[in-house]
Visitor: 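This structure is in structure tokens; I'll ask about it shortly.
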Amino acid sequence: MEAKEWRTEQERLNQVREKLKARIDELEPEITGLHDQAAEIRRRFWEEVTVNTSSDEEFEETFYTIKQQAAVLSERERGHRLLTQQWKSLNRLFPSPYFGRIDFLEDGLKQSEQIYIGVSSFVAEDGLSFLVYDWRTPIASLYYDHSPGPAAYVTPGGQITGMMELKRQYQIHDGQIRNMFDANVTIGDELLQQMLAKGADSQMKSIVSTIQKEQNAIIRNDHSRLLIVQGAAGSGKTSAALQRVAYLLYKNRDSLKADQIVLFSPNPIFNSYVSSVLPELGEENMQQTTLQEYLEYWLGSSLRLEDAFDQIEYVLTAQSTPHYEARLQGMKYKASEAFSKALQNYALWLGREGMLFNGIRFRDRDLITAEQMRSQFYSYDPSLRLANRVELLQKWLLKELSLMERKERRASWVEEEMNYLDSEQYAEIFGELHKDREVFDIAERYAAVYEKISNKRRGDEGDFDFAEREEDLLSQRIVKMGFKPLRQSVRKLSFIDVQGLYAQLFDDEATYLEKTNEIEIPVLWPEICKQTKEKLDRLELFYEDATPYLYLKELIEGVRTNTEIRHVFVDEGQDYSPFQYEYLKKLFPRARMTVLGDFGQAIFMQATNLQESDSPLFQLYGEAETSLIRLVRSYRSAREIVEFTKVLLSDGSEIVPFARSGPKPLLVTLEGGEKRDARMLKDIAALKAKGFDSIAVITKTAAESRVAFESLRMQEGEALQLITKETVAFEKGVMIIPVYLAKGIEFDAVLIYEASPQAYGRDNERKLLYTACTRAMHQLHLYTTGDWSPFLQTLPANLYENAQ
């Protein structure tokens with residue numbers, strides 16, 4: 001690019017930064033002033049208010065004075081908050097105000113407009129001219145979707161067409177243009193090369209300056225009720241999804257808040273990993289959780305739930321244990337649409353017979369038996385849904401308890417309890433009696449109120465019988481406190497024996513088929529039933545039972561919905577079952593859903609195929625409201641690593657590597673674990689010497705991670721981090737981590753601890769090995785102390801280097 005053009009661009013950048021600095025300096029005293037005003041109003045709030053309730057007029061005046069003062073305080077705080085947000089936005093722009101430019105000549109106009117694009121907007125003093133456009137504005141989509149030539153973008157008022165005359169990219173650091181490229185349809189490889197050549201970080205970063213056209217389609221999709229993104233490892237699907245959240249918050253800023261968006265992530269580590277992206281763009285973080293946390297929340301403390309990581313640990317390590325095959329069959333069946341349908345049919349059967357209830361007992365006697373509840377329940381109109389009949393039964397139980405409570409006041413135990421009340425209890429009841437006496441005194445002064453109260457509070461002689469009232473109130477209070485837990489349990493629907501109802505499904509094969517109208521069940525069904533009931537008897541629940549258990553609970557009790565959530569994001573979506581997607585849809589009935597995943601990394605038993613149009617997901621909202629976007633280009637890893645890893649998959653040929661070169665993967669064969677560990681430590685030291693700050697030793701299981709951690713730590717004083725399912729964040733450095741916890745995260749270099757047939761030999765372990773290898777950005781090493789995994793033995797020799 002000519003020196004004159006470079007100078008012109010730098011001068012323009014200097015002018016924008018000067019105006020940014022001026023606006024920042026202008027805002028700072030305003031922010032300080034509003035902050036001080038708000039603090040002063042809060043400090044002197046009650047000094048400015050005279051509280052007077054001696055008459056209705058005085059009370060009303062006091063009320064409006066407080067309301068006015070609160071409104072002034074709220075306005076000052078709101079103004080301070082808005083100016084602070086603007087100040088932070090300008091400060092984010094100041095070091096690098098923009099990263100792109102397009103020159104666009106709109107049809108019908110004679111002069112093109114220069115559009116500079118950054119992470120937020122900056123308007124000139126006139127309030128009309130944009131010096132920088134936010135990357136989420138409609139016109140900025142031209143930068144991501146088009147090359148110079150005819151172009152168009154969509155606005156709320158319709159489509160705008162015209163001619164793009166220039167598309168330019170910048171790398172700006174501390175106010176200086178370091179690089180500048182004129183680009184074609186994709187964001188130029190030069191800039192992307194430099195971005196991808198950087199080392200991995202402990203937190204994911206924004207990609208707004210390098211968003212690709214296919215990623216932009218994900219970000220700006222406004223029409224789909226369900227958006228499925230099937231993306232190869234390292235294709236940027238998660239990054240695009242986070243920019244999508246920022247886009248949605250920007251576009252719908254008057255109607256959508258960050259707490260109305262929820263992200264289901266694969267593990268707590270991932271929550272930490274992505275937590276900085278939205279704040280980096282000036283947006284608040286959405287709600288982040290895992291499905292495990294959500295299931296445990298709704299199950300409460302009644303049952304202890306196995307987590308997904310313990311489940312996969314069992315799948316990977318328990319092959320030689322008894323009943324292993326039955327457990328695997330149970331996992332698959334309980335995650336299926338067939339089991340979902342079976343539970344629906346079971347609920348219909350319960351509408352006719354078989355409901356189980358927990359009787360209500362008080363002081364070692366039955367107040368209302370389970371049989372009485374069952375009789376009352378089936379007396380209701382059978383055409384009513386289960387949940388409606390449960391609601392009617394709940395009301396009946398509360399009414400019965402109220403009647404029993406009044407009768408109970410005359411029971412002998414009440415008088416005994418009265419004699420043993422402590423001083424605090426007496427003081428509390430006396431306080432209530434005192435209030436009653438005050439009411440009586442007020443009634444003396446106000447005739448209309450007096451007439452109403454005197455009939456209740458005074459005897460024939462017009463005397464307030466304080467002693468008798470005290471005894472009545474004491475007995476009421478004692479019985480009320482005794483019945484309080486009973487009423488609470490009824491309101492919580494604890495009278496329904498959900499655990500028994502779920503266990504009842506697994507009594508035997510014949511009754512299961514009768515209750516569910518199922519035709520085909522797993523071969524090892526008797527053993528599945530035995531495993532499930534034994535677990536329930538210990539007040540525990542397999543992970544594969546959690547969603548079906550809650551689904552049945554809601555078929556009976558009614559669906560708990562959250563209508564506030566408007567968008568649900570599911571990362572690593574291939575690891576969710578169709579059953580779980582159906583459950584999420586019911587939980588969030590008003591929400592749109594974005595599912596991100598890679599079927600090539602489907603390592604859990606309950607996997608859902610995301611990449612085919614016959615996927616069960618297409619039936620969730622219907623094909624008309626579902627869109628599927630495939631991302632086949634991998635940006636994370638060097639070309640040599642992508643070429644190596646894609647051959648590990650039977651259908652990986654469509655994956656396209658980005659043109660960034662690096663060393664071929666290194667396969668190291670050693671005799672014995674000690675030599676392997678010594679060689680790994682030597683390689684780790686060499687990688688660190690090259691400037692790699694994020695290095696992962698990836699193992700197959702958590703058990704293997706612990707062994708590797710202890711072995712490597714004993715041989716070297718290296719600062720190693722052992723990553724477990726309890727780890728919520730990690731910093732740069734050398735970490736030992738099981739592959740299923742590394743999902744979604746990237747590292748400068750990856751060392752596969754053991755790549756033998758014993759580690760990765762079965763068909764369901766092929767994708768596990770692929771997932772582990774695709775975590776590497778720049779270098780990949782694999783080690784074995786024996787033969788290589790069969791998935792590696794068939795690889796072309798030109799894809800890797802050998803070492804001894």
Visitor: For residues Y635 and Q215, is any side-chain donor paired with an opposing acceptor at under 3.5 Å?
Guide: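 No donor-acceptor contact under 3.5 Å links the two side chains.
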Visitor: Can you tell whether the side chains of D598 and K237 come within less than 4.0 Å, N to carboxylate O?
Guide: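 K237 and D598: not salt-bridged.
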Visitor: If we ignore hydrogens and angles and just use 3.5 Å, is the side chain of Q230 paired with the main-chain N or O of L628 as donor and acceptor?
Guide: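 A pair under 3.5 Å: no.
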Visitor: If you measure from OG1 on T771 to CD1 on I603, what distance do you get to the nearest 0.5 Å?
Guide: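 Atom-to-atom, T771:OG1 and I603:CD1 are 5.5 Å apart.
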Visitor: Please check if atom CD in E520 has more than 12 non-hydrogen atoms from other residues, nucleotides or ligands closer than 6.0 Å.
Guide: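 12 or below, so no.
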Visitor: Working to the nearest 0.5 angstrom, can you tell me the gap between Y770 OH and I655 CD1?
Guide: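 Spacing of OH (Y770) from CD1 (I655) equals 3.5 Å.
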Visitor: If I take atom NE2 from residue H567 and atom CG from residue L263, how far apart are they, to the nearest 0.5 angstrom?
Guide: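 Separation between the atoms: 13.5 Å.
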Visitor: Taking R220 first and then D145, would you say they form a salt bridge - that is, a charged N and a carboxylate O separated by under 4.0 Å?
Guide: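 Salt bridge between R220 and D145, a charged N being under 4.0 Å from a carboxylate O: no.
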Visitor: So N517 and W349, do their side chains get closer than 4.5 Å, heavy atoms only?
Guide: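 The answer is no, as the side chains (C-beta and beyond) never meet within the 4.5 Å cut-off.
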Visitor: Among K341, E518, K515, Q504, exactly one meets side chain to side chain donor-acceptor pair (under 3.5 Å) together with Y346. Which residue is that?
Guide: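 The side chain to side chain donor-acceptor pair (under 3.5 Å) with Y346 is passed solely by Q504 among K341, E518, K515, Q504.
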Visitor: Indicate yes or no: does E765 engage K700 in a salt bridge with an N to O separation below 4.0 Å.
Guide: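 Yes.
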Visitor: Output yes when a side-chain donor or acceptor of S637 lies under 3.5 Å from a complementary backbone atom of A776, and no otherwise.
Guide: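 A pair under 3.5 Å: yes.
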Visitor: Using only atom types and a distance under 3.5 Å, with no angle test, would you say the side chain of S239 pairs donor to acceptor with the backbone of G236?
Guide: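 Such a contact is absent between S239 side chain and G236 backbone.
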Visitor: Output, in order, the C-alpha distance, side-chain angles, deciding distance and verdict of side-chain contact (heavy atoms from CB on, under 4.5 Å) for T289 and Y297.
Guide: CA-CA 11 Å; T289 186; Y297 174 81; over 6 Å; no
Visitor: When you compare the side chains of Q292 and T290, does any donor N or O come within less than 3.5 Å of an acceptor on the partner?
Guide: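 Short answer, no.
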Visitor: Report the distance from atom CZ of R630 to atom CD1 of I228, rounding to the nearest 0.5 Å.
Guide: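 Interatomic distance, R630 CZ to I228 CD1, rounded to 0.5 Å: 9.5 Å.
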Visitor: Starting from the C-alpha separation in whole Å, work towards a yes-or-no answer on ring pair (Phe, Tyr, Trp, His ring centres under 6.0 Å) for W525 and Y333.
Guide: CA-CA 10 Å; W525 182 253; Y333 180 67; 5.7 Å; yes
Visitor: For the residue pair Q580 and E582, confirm or rule out a side-chain donor-acceptor distance under 3.5 Å.
Guide: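 Note: Q580 and E582 side chains miss the donor-acceptor criterion.
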Visitor: Might you point out which heavy atoms bring L596 and A241 nearest each other, and give the distance in Å?
Guide: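 Heavy-atom minimum between the residues: CD1-CB, 3.3 Å.
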Visitor: Any ion pair linking K257 and D259 (charged N to carboxylate O, less than 4.0 Å)?
Guide: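 Salt bridge flag = no for K257 with D259.
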Visitor: Please confirm whether the backbone N or O of E554 pairs with a side-chain atom of R560, one donor and one acceptor, at under 3.5 Å?
Guide: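 It does not hold such a pair.
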Visitor: With side chains defined as the heavy atoms from C-beta onward, is the minimum distance between V132 and S121 less than 4.5 Å?
Guide: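 A side-chain contact under 4.5 Å is absent here.
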Visitor: Are more than 12 heavy atoms, taken from residues, nucleotides or ligands other than K535, located less than 6.0 Å from that residue's NZ atom?
Guide: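 Yes, NZ of K535 has more than 12 neighbouring heavy atoms, counting only those of other groups under 6.0 Å.
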Visitor: Take a 6.0 Å sphere around CD of E540 and say whether it holds more than 12 heavy atoms from other residues, nucleotides or ligands.
Guide: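 Yes - once you tally the heavy atoms of other residues, nucleotides and ligands closer than 6.0 Å, there are more than 12.
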Visitor: Would you compute the distance between atom CD1 of I211 and atom OH of Y143 and round it to the nearest 0.5 angstrom?
Guide: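 Result: 9.5 Å between the selected atoms.
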Visitor: Taking only Lys NZ, Arg NE, NH1 and NH2, and the carboxylate oxygens of Asp or Glu, determine whether E313 and K725 approach each other closer than 4.0 Å.
Guide: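 So E313 does not pair with K725 through a salt bridge.
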Visitor: One pair to check against side-chain contact (heavy atoms from CB on, under 4.5 Å): F264 and V568. What are the steps and the verdict?
Guide: CA-CA 8 Å; F264 285 92; V568 172; 3.9 Å; yes
Visitor: We want to know whether T532 and K334 form a side-chain donor-acceptor pair, criterion being a heavy-atom distance below 3.5 angstrom.
Guide: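 There is such a pair (donor and acceptor under 3.5 Å, judged by atom type) between the side chains of T532 and K334.
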Visitor: Do R244 and T594 get their side chains close enough for a donor-acceptor pair, meaning under 3.5 Å?
Guide: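 Looking only at side-chain atoms, T594 and R244 do form a donor-acceptor pair, the distance falling under 3.5 Å.
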Visitor: Can you confirm whether the side chains of N216 and Y247 place a donor and an acceptor under 3.5 Å from each other?
Guide: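 The criterion, which ignores hydrogens and geometry beyond distance, is not satisfied for Y247 and N216.
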Visitor: When you measure from the side chain of R660 to the backbone N and O of R636, does any donor-acceptor pair fall under 3.5 Å?
Guide: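 Checking the backbone N and O of R636 against the side chain of R660, a donor-acceptor pair under 3.5 Å is found.
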Visitor: Does any N or O in the side chain of E283 come within less than 3.5 Å of the main-chain N or O of L278, such that one atom is a donor and the other an acceptor?
Guide: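 Checked: no pair found.
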Visitor: Would you kindly say whether Y551 and Q344 are connected by a side-chain donor-acceptor distance under 3.5 Å?
Guide: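 Yes, Q344 and Y551 have a side-chain donor paired with an acceptor closer than 3.5 Å.
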Visitor: Between E544 and R327, is there a side-chain N and carboxylate O pair less than 4.0 Å apart?
Guide: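 Looking at E544 and R327, the cut-off is met.
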Visitor: Quick one: do the Y740 and D575 side chains pair a donor with an acceptor below 3.5 Å?
Guide: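 Judged by distance alone, the side chains do not pair up.
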Visitor: Got a second to check how far R766's CZ is from Y760's OH, nearest 0.5 Å?
Guide: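 Interatomic distance, R766 CZ to Y760 OH, rounded to 0.5 Å: 14.0 Å.
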